[in-house]
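Indexing begins at 1, ligand by ligand and atom by atom, following the structure's order. Just the heavy atoms: all of them, side chains too, but no hydrogens, waters or symmetry mates, feed the values below. The structure displayed is predicted, hence computed values, not measured ones. Numbers here simply count residues along the sequence, with the first being 1.
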Amino acid sequence: MKKTAAIIGGGVIGGGWAARFLLNGWDVRVFDPDPEAVRKIGEVLDNARRSLPGLSDVPLPPEGALTFHDDMAEAVEGAIWIQESVPERLDLKLKVYKGLQGACDPDAIIGSSTSGFKPSELQEGALRPQQIVVTHPFNPVYLLPLIELVPTEQNPSEMIAKAKELLKSVGFFPLHIKKEIDAHIADRFLEAVWREALWLVKDGVATTEEVDEAIRMGFGIRWAQMGLFETYRVAGGEAGMRHFMAQFGPALKWPWTKLMDVPEFTDELVDMIADQSDAQSGMHSIRELERIRDNNLVGMMRALKAQDYGAGAVLNQHDALLKPGALPSLEQADLSQPILTLSRAVPLDWTDYNGHMNEAKYLEAFAAATDRFMEIIGCDMDYIASGGSYFTAENHIRYMDETKAGSKIEIRTQMLLGAGKKLHVFHSMYEGDKLLATGESFLLHVSLETRRPSPPSAEIEAAMVRIAEAQVGLPYPESAGAAIRKPA
Ligand SMILES: NC(=O)C1=CN([C@@H]2O[C@H](COP(=O)(O)OP(=O)(O)OC[C@H]3O[C@@H](n4cnc5c(N)ncnc54)[C@H](O)[C@@H]3O)[C@@H](O)[C@H]2O)C=CC1
Ligand SMILES: C[N+](C)(C)CC(=O)CC(=O)[O-]
């Protein structure tokens, strides 16, 4: 059955939650008194549609339905997850819980996006405190996996387990914070770094741009993949963390940092920071900056995905949740037709300066389809580990139409020859009914020990015979065997 989420407050963060749920197949009901809420959420959704689906190497479920409601009680109807993302004012948040708890399902989870309030403060005076928990996200909520999940002893353990399961099902990484504290974990770091940066600019040590360069050219990239402690363990050399602490620990007591002092937000300081920020980034609109940020995040997260590390490992776990049933096996496929070998959205980092999928990425997609076809006939990772595989000897791609980031593409594969060492496949790539490209590949079965052609296993031979017999009625593709013609 379709799951439903209610979004209370649809600004920067509520809009991100709405996009995350919708693109993972949930229905979403929004309550926000702002007359601009429909437009604002629409713009967040546009960004999310081009960036989120392509993070997965398997298709996300069909998008859910988005509705807007003038009445909060109506918005929470049928919702199993209610996400409160109203402005960071405790009185307002408590008023919202009073309003919605009278109307919502008592078993629904009410998550708060609060950056700083403790869950016990949010539960104070609530009708059912056990229903309310902190689920603190990070902007952009549709891309970044971290949710700081902060309960109190009032929240039953089954509710926390259910919250974790639901968050994981839409691709989040719930970090269970066992001891409540103002600003949880991550925002304590962000505040400390922000405070230092404000001092550095105020004292004329660095401009806003120089502060950003100091982060993004060095430790920012390092933190994105290993965090703090793992990075410092490596920095300790072979002696590891103990050596690192002995060497750099004493410096913590030197007066390097301003620690808890906060520079006063005088007009002069605000003007200085705002002017420097305008000089640094004012040539881009906020929407442009969001798109630049999303392009960079997708590229970095997909690189981490290939390493199965950090946020990339979370993406792989989400793919594994979605994978069952995503593509048919030999037993499930209608073998009399070209077989579905790829179904995914075009990732942002597959697009180029022409604003469409780059030619090299068509080959990447066809190569993934070939890998899947190999898996279907029995050349899977276990078989490869046993010493047999296929090497591609020749490829031919024809480009017929363009496609853009976020678009759903499918590849269907016809086997033209599958006998002995030889495997000849013809892939057709579609967006809906539109033929985008064809890719023809000729492969040879090899022994990974001798690196020379060798006969495949009897099981692979039998699977190819089955497909050949089933596909015998398919017309031979007109363009198969074609080459680039000599210009007239
Ligand atoms: N902006 C950020 O970087 C992050 C913010 N947060 C937290 O998320 C929450 C929301 O922050 P933002 O989205 O940045 O604020 P925002 O100002 O962009 O959005 C708040 C939305 O709530 C709506 N609203 C106001 N009163 C309401 C009510 N009574 N019922 C329903 N909607 C109402 C407003 O119309 C507005 O659209 C805050 O608790 C904040 O601490 C969490 C992570 C990051
Ligand atoms: C600035 N902020 C405290 C609202 C930031 C967050 O809460 C998390 C984020 O996205 O950086």
Identify all side-chain donor-acceptor contacts of residues 232-239 below 3.5 Å with residues at least two apart in sequence or on another chain.
none

Worksheet item: So, R128 and D107, do they make that salt bridge, N to O below 4.0 Å?
Response: no
Worksheet item: Taking NZ, NE, NH1 and NH2 as the nitrogens, is one of them in K40 or D32 under 4.0 Å from a carboxylate oxygen of the other?
Response: no
Discussion item. Ring of W350, cation from R344 - is the NZ or CZ under 6.0 Å from the centre and inside 45° of the axis?
Written reply: yes
Discussion item. Yes or no: does K93 have any heavy atom under 4.0 Å from an atom of ligand 1?
Written reply: yes
Discussion item. Below 3.5 Å, N or O to N or O, backbone or side chain included: is there any such pair between E84 and ligand 1?
Written reply: no
Worksheet item: Where's the contact between H136 and ligand 2, heavy-atom distance under 4.0 Å: side chain, backbone, both or neither?
Response: side chain
Discussion item. Quick test of your reading of the structure: of T114, V86, L92, whose heavy atom lies closest to atom 9 (C) of ligand 1?
Written reply: V86
Discussion item. With nothing but distance in play, are any N or O atoms of V12 less than 3.5 Å from an N or O of ligand 1?
Written reply: yes
Worksheet entry | Nearest non-hydrogen protein atom, atom 10 (C) of ligand 1 | S85 O, 3.2 Å
Discussion item. Could you work out, for atom 25 (C) of ligand 1, the closest of P87, P140, A75, G9 by heavy-atom distance?
Written reply: P87
Worksheet item: Does M245 reach the side chain of L252, with side-chain heavy atoms less than 4.5 Å apart?
Response: no
Practice prompt. Run the numbers for me: atoms of ligand 2, each under 4.0 Å from some heavy atom of L190, listed by number.
Written response: 11 (O)
Discussion item. Please determine whether any non-hydrogen atom of A37 lies less than 4.0 Å from an atom of ligand 1.
Written reply: no
Worksheet item: Is any NZ, NE, NH1 or NH2 atom of the basic residue among D294 and R291 found under 4.0 Å from an Asp or Glu carboxylate oxygen of the other?
Response: no
Discussion item. Please work out, at 4.0 Å between heavy atoms, whether the side chain, the backbone, both, or neither of L144 comes within that distance of ligand 2.
Written reply: neither
Worksheet item: Do any nitrogen or oxygen atoms of E88 come within less than 3.5 Å of a nitrogen or oxygen of ligand 1?
Response: yes
Practice prompt. With the side chain counted from C-beta on, respond yes when E375 and R372 share a heavy-atom pair under 4.5 Å apart, and no when they do not.
Written response: yes
Practice prompt. Report the part of N139 in contact with ligand 2, treating N, CA, C, O as backbone and CB onward as side chain, heavy atoms under 4.0 Å; options are side chain, backbone, both, neither.
Written response: both
Item to complete: Look at atom 1 (C) of ligand 2 and say whether a protein heavy atom is found at less than 4.0 angstrom from it.
Response: no
